[in-house]
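Working notes, structure below.
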Amino acid sequence: QVQFVESGGGLVQPGGSLIVSCVAPGSIFRGYAMGWYRQAPGMQRELVAAITGRGIANYADSVKGRFTISRDNAKNMVYLQMNNLKPEDTAVYYCNRSPPNNSWGQGTQVTVSS
């Protein structure tokens, strides 16, 4: 049962910006820490950013200073603003709780290439 719906990915040039969004049912969003994860081809899925129910965020070292996670509790949505994108940021991006449950959405593809 898919519980998370991600959107907003696309093709962007190195140095560009993109924002990805995720909506989840209130029952699995409200009050829980949420995270953005990514999986590049041939790699394991990794956590890139997480935010608590009260808005405290933390980031993987690889994206610190470039990515910003935020949430809108009224809309059950979580966002990831990505700036100064690099080719190594190319991946499918997923949202889930942090730590995650076993129900993943389809994700949204982000490709950074010139």
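Model, not experiment: these values are computed from the prediction. FYI, side chains are in, hydrogens and waters are out, and symmetry mates aren't considered; it's all heavy atoms of this structure.
Of all the heavy atoms in F4 and N101, the pair that sits closest is CE1-OD1, 3.8 Å. Closest heavy-atom contact between T90 and V112: OG1-N, 2.9 Å. The two residues S103 and Q3 come nearest to each other via the heavy atoms CB-OE1, 3.4 Å. Heavy atoms only, all atoms of each residue included: A91 and A40 are closest at CB-N, 3.8 Å.
Within the structure, ring-ring contact (aromatic ring centres under 6.0 Å, His included) pairs that include any residue of residues 59-84 do not occur (at least two apart or interchain). Listed by first then second residue, pairs satisfying salt bridge (Lys or Arg N to Asp or Glu O under 4.0 Å) with a partner in residues 98-112 number zero, not counting sequence neighbours. Judged as a side chain to side chain donor-acceptor pair (under 3.5 Å), the pairs with a partner in residues 42-52 (not counting sequence neighbours) are, in order, R38-E46.
Listed by chain and number, the residues in a salt bridge (charged side-chain N to carboxylate O under 4.0 Å, His left out) with K86 amount to none (sequence neighbours excluded). T111 pairs by the side chain to side chain donor-acceptor pair (under 3.5 Å) definition with Q109, not counting sequence neighbours.
Of the residues I69, N58, L80, the one that meets the side-chain contact (heavy atoms from CB on, under 4.5 Å) test with I51 is I69.
Contact annotation: the side chain of D89 never approaches that of M82 to less than 4.5 Å [non-hydrogen atoms, C-beta and beyond].
The structure places CG of L47 at 12.0 Å from CH2 of W36, a figure rounded to the nearest 0.5 Å.
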When the side chains of residues 6-34 are checked against the rest of the protein, which donor-acceptor pairs come out under 3.5 Å, sequence neighbours left out?
from, atom 1, to, atom 2, distance (Å)
E6, OE1, G107, N, 3.0
E6, OE2, C95, N, 3.0
S17, OG, N83, OD1, 2.9

